[in-house]
Amino acid sequence: MFIVVLSLIELEINMIRDITIGQYYQTESVIHKLDSRVKIIATLVYIISLFCFNNFSGYILAALFFLCIVKLSKVPFKFIVKGLKPIMFMLIFTAALNLLWTPGEHILFEAGVIVITLEGIKKMAFMALRLIFLIIGSSLMTLTTTPNQLTDAIEHLLRLLNYIKVPVHEVAMMMSIALRFIPILIEETDKIMKAQLARGADFESGNIIHRIKSMIPILIPLFVSAARRANDLALAMDSRCYHGGRGRTKMKPLKYKSCDFIAYFILLCYIVLLIIIRKFVPF
Amino acid sequence: MSIIMQLENVSYIYGIGSGHEKQALKNINLKINAGEFIGLVGHTGSGKSTLAQLLNGLEHATTGEIYYDGRNIYDKDYDMKSLRGNVGLVFQYPEHQLFEATVEEDVQFGPRNLGLPLLEVELRSYNALKMVGISDDLIDVSPFVLSGGQKRRVAIAGVLAMQPKLLVLDEPMAGLDPTGREEILNILRNLRDKQKITIILISHSMEDIAEYADRVIVMNKGEVVLEGEPKKIFQFEEELEKIGLGVPQSTKVIHRLRKMGADIPYSCITAEESAGAIYKWLQRV
């Protein structure tokens with residue numbers, strides 16, 4: 001079990017470096033300026049809409065809508081596509097499954113257990129399109145919204161849960177602290193790794209057991225330093241009289257501006273178009 | 001005097017190909033003589049730490065060559081592990097790298113990585129602990145229960161146990177109280193005088209540099225801007241202040257007095273020398 005955790009951490013450290021979700025792209029644009037609640041709701045609606053379409057014209061609408069927003073956001077297209085890299089394997093795998101094992105009437109190709117049907121191709125295309133738009137849609141949100149804005153918005157949108165005794169503020173605070181600490185811990189790992197390399201440590205050669213063992217001189221100092229930082233932070237928060245969410249005001253309160261209402265209106269138009277296409281366009 | 005390490009036209013650029021490239025070092029040419037005590041000073045971000053990491057091969061220079069003991073460390077068949085044994089690097093806050101269950105085991109980590117026989121490992125680590133003044137009763141305790149100064153000394157012992165010929169220390173006194181600082185500086189002086197280890201000390205304290213270093217290297221924005229004996233370097237008070245550094249406080253006093261017409265030589269740089277010179281001058285006038 002311990003070994004699995006260790007290798008997962010190693011994998012995690014490598015993955016955080018090239019995953020796009022959670023990476024903010026700094027620039028000035030209308031999309032960046034939108035209220036983060038609008039962006040979260042719009043992203044949710046967009047993702048739900050992807051699963052409502054049952055024909056290709058729907059996906060053309062989704063693609064056009066998405067491209068317009070990308071254009072407005074001024075985020076280079078290659079940054080958005082980068083988000084697809086980590087799920088490439090999953091994408092190909094689900095596409096292949098759908099293609100090969102969908103039963104249907106119009107059989108195009110048959111060899112043993114493999115049956116390719118017209119329905120299968122259609123299902124595969126839908127599945128792949130849904131996954132792709134889902135990932136790039138949500139990475140567009142995280143590229144144009146800072147993690148702090150996101151947690152703020154989530155806290156605001158979920159505030160009704162307070163009535164059923166869910167500590168929404170505390171959870172949001174924990175989330176933003178965790179996000180804030182990711183780059184710090186990566187930097188710390190890098191530092192400790194170098195310090196141990198300077199003492200002749202070797203992380204690259206040897207079999208898997210040996211390599212996992214060689215992680216210990218990194219992990220123990222890392223855990224110690226994470227605990228130390230957490231302690232310092234708790235003390236600092238305490239000494240500034242942090243007492244949880246009750247009665248706490250915001251430095252940047254979330255407030256809808258006129259452009260946010262326009263964005264909601266555009267979103268409404270999108271939903272109307274979606275219903276029209278679903279009801280009246282046959283293919 | 002033989003040259004232990006030599007840098008030729010070394011440049012280092014961070015983050016090549018990421019879009020935010022940053023030149024950390026520009027055309028560094030340096031010769032480090034065996035047995036020298038060098039003070040490396042510079043403002044935050046001047047490239048001191050990067051330079052330190054190049055010396056034991058943790059970072060690879062973008063361009064330029066580095067020679068240790070006359071051999072190019074970028075040769076394909078060069079043994080990096082032996083380089084890391086010969087060039088010890090003590091990072092900032094080295095106590096953050098402690099991880100073993102006991103002080104002794106932690107100090108043994110370095111020599112064990114060098115593949116030495118057990119007896120040699122034990123001997124080296126015991127000697128290293130003695131060098132930094134860790135008493136026998138602390139050898140078998142957990143490093144995490146020690147005081148800040150003790151942890152720091154144990155961590156330094158962890159590097160010393162590899163018996164480096166050249167020791168690079170990145171602000172080893174940061175965050176210690178005066179007693180702790182004194183202890184570390186005395187250890188360094190002993191290492192140089194008794195063990196004949198070449199030392200490169202990165203520090204912000206000009207007082208310490210004045211007292212201990214034979215030669216000062218001043219860096220600014222990735223370049224070596226001044227280089228020479230402390231008493232020569234500290235004449236450039238204005239230049240040093242321009243790049244965010246200064247001179248020892250006692251040197252400042254002497255410069256002030258000289259401006260007023262006092263006849264005191266530039267050559268006194270430590271507090272004691274300065275006090276003596278001022279006393280002599282006062283007796284004369």
Side-chain angles (χ1 to χ4, degrees), chain A residues 2 6 9 16-20 23-27 74-79 82 85 143 181 183-206 210-232, chain B residues 18-20 49-50 52-59 79-101 105-116 121 125 128 142-144 148 151 155-164 167-170:
Chain A
F2 186 56
L6 285 181
I9 290 170
I16 288 166
R17 286 191 180 139
D18 44 49
I19 226 164
T20 324
Q23 258 181 21
Y24 181 61
Y25 183 87
Q26 182 118 34
T27 182
K74 293 184 188 162
V75 177
F77 199 69
K78 68 166 194 239
F79 267 87
K82 245 203 306 194
K85 230 165 67 185
L143 279 163
F181 267 62
I184 292 179
L185 287 180
I186 290 177
E187 204 175 299
E188 191 89 16
T189 313
D190 199 50
K191 249 194 236 90
I192 294 167
M193 224 162 152
K194 276 183 179 165
Q196 307 298 25
L197 275 173
R199 291 164 81 190
D202 185 355
F203 305 122
E204 269 138 29
S205 59
H210 184 89
R211 267 202 238 177
I212 289 163
K213 261 191 180 164
S214 75
M215 293 295 285
I216 291 171
I218 299 175
L219 287 174
I220 291 177
L222 191 63
F223 286 149
V224 170
S225 108
R228 188 183 57 238
R229 278 177 196 280
N231 230 333
D232 288 354
Chain B
S18 69
H20 345 257
S49 300
T50 311
Q53 290 175 30
L54 284 178
L55 293 180
N56 75 345
L58 277 178
E59 296 284 358
D79 181 7
M80 273 294 170
K81 220 169 192 175
S82 82
L83 180 72
R84 292 195 183 135
N86 286 325
V87 180
L89 177 55
V90 178
F91 277 86
Q92 271 178 41
Y93 300 100
E95 62 272 28
H96 292 176
Q97 76 198 22
L98 299 173
F99 69 98
E100 282 284 14
E105 279 173 69
D106 203 281
V107 175
Q108 286 176 354
F109 181 66
R112 256 189 282 130
N113 284 331
L114 291 179
L116 299 167
V121 169
S125 51
S142 159
F144 295 105
K151 273 188 203 166
I156 292 176
V159 176
L160 287 178
M162 297 171 79
Q163 297 193 346
L167 184 63
V168 186
L169 302 106
D170 196 348

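For the numbers below, each heavy atom of this structure counts, side chains included, while hydrogens, waters and symmetry mates do not. Quick note on labels: first sequence line is chain A, next is B, and so on, each numbered from 1. Just so it is clear, the structure is predicted and the values come from calculations on it, not from any experiment.
The distance from atom NZ of A:Lys194 to atom CD of B:Glu59, rounded to the nearest 0.5 Å, is 4.0 Å. The line from NZ of B:Lys81 to CG of A:Leu197 is 10.0 Å long, rounded to the nearest 0.5 Å. With values rounded to the nearest 0.5 angstrom, B:Met162 atom CE is found 8.5 Å from A:Arg199 atom CZ. Taken from NZ in A:Lys191 to NE2 in B:His96, the straight-line distance is 8.0 Å, to the nearest 0.5 Å.
Within the 4.5 angstrom heavy-atom criterion, only side-chain atoms of B:Gln53, from C-beta onward, approach chain A. For B:Leu114, no part sits under 4.5 Å from any heavy atom of chain A, backbone or side chain.
Per-residue heavy-atom pair counts under 4.5 Å with chain B were compared for A:Ala195, A:Pro217, A:Ala198, and the maximum is reached by A:Pro217. When B:Pro164, B:Gly110, B:Ala161, B:Gly85 are compared by the number of non-hydrogen pairs under 4.5 Å with chain A, B:Gly110 comes out ahead.
In this structure the side chain of B:Phe99 reaches within 4.5 angstrom of the side chain of A:Gln196, judged on heavy atoms. In this structure, the side chains of B:Glu95 and A:Val224 stay at 4.5 Å or more apart for every pair of heavy atoms.
Shown here is B:Tyr93, whose OH atom has no more than 12 heavy atoms of other residues, nucleotides or ligands within 6.0 Å.
By the 4.0 Å N-to-carboxylate-O rule, B:Arg84 lies too far from A:Asp202 to be salt-bridged with it.
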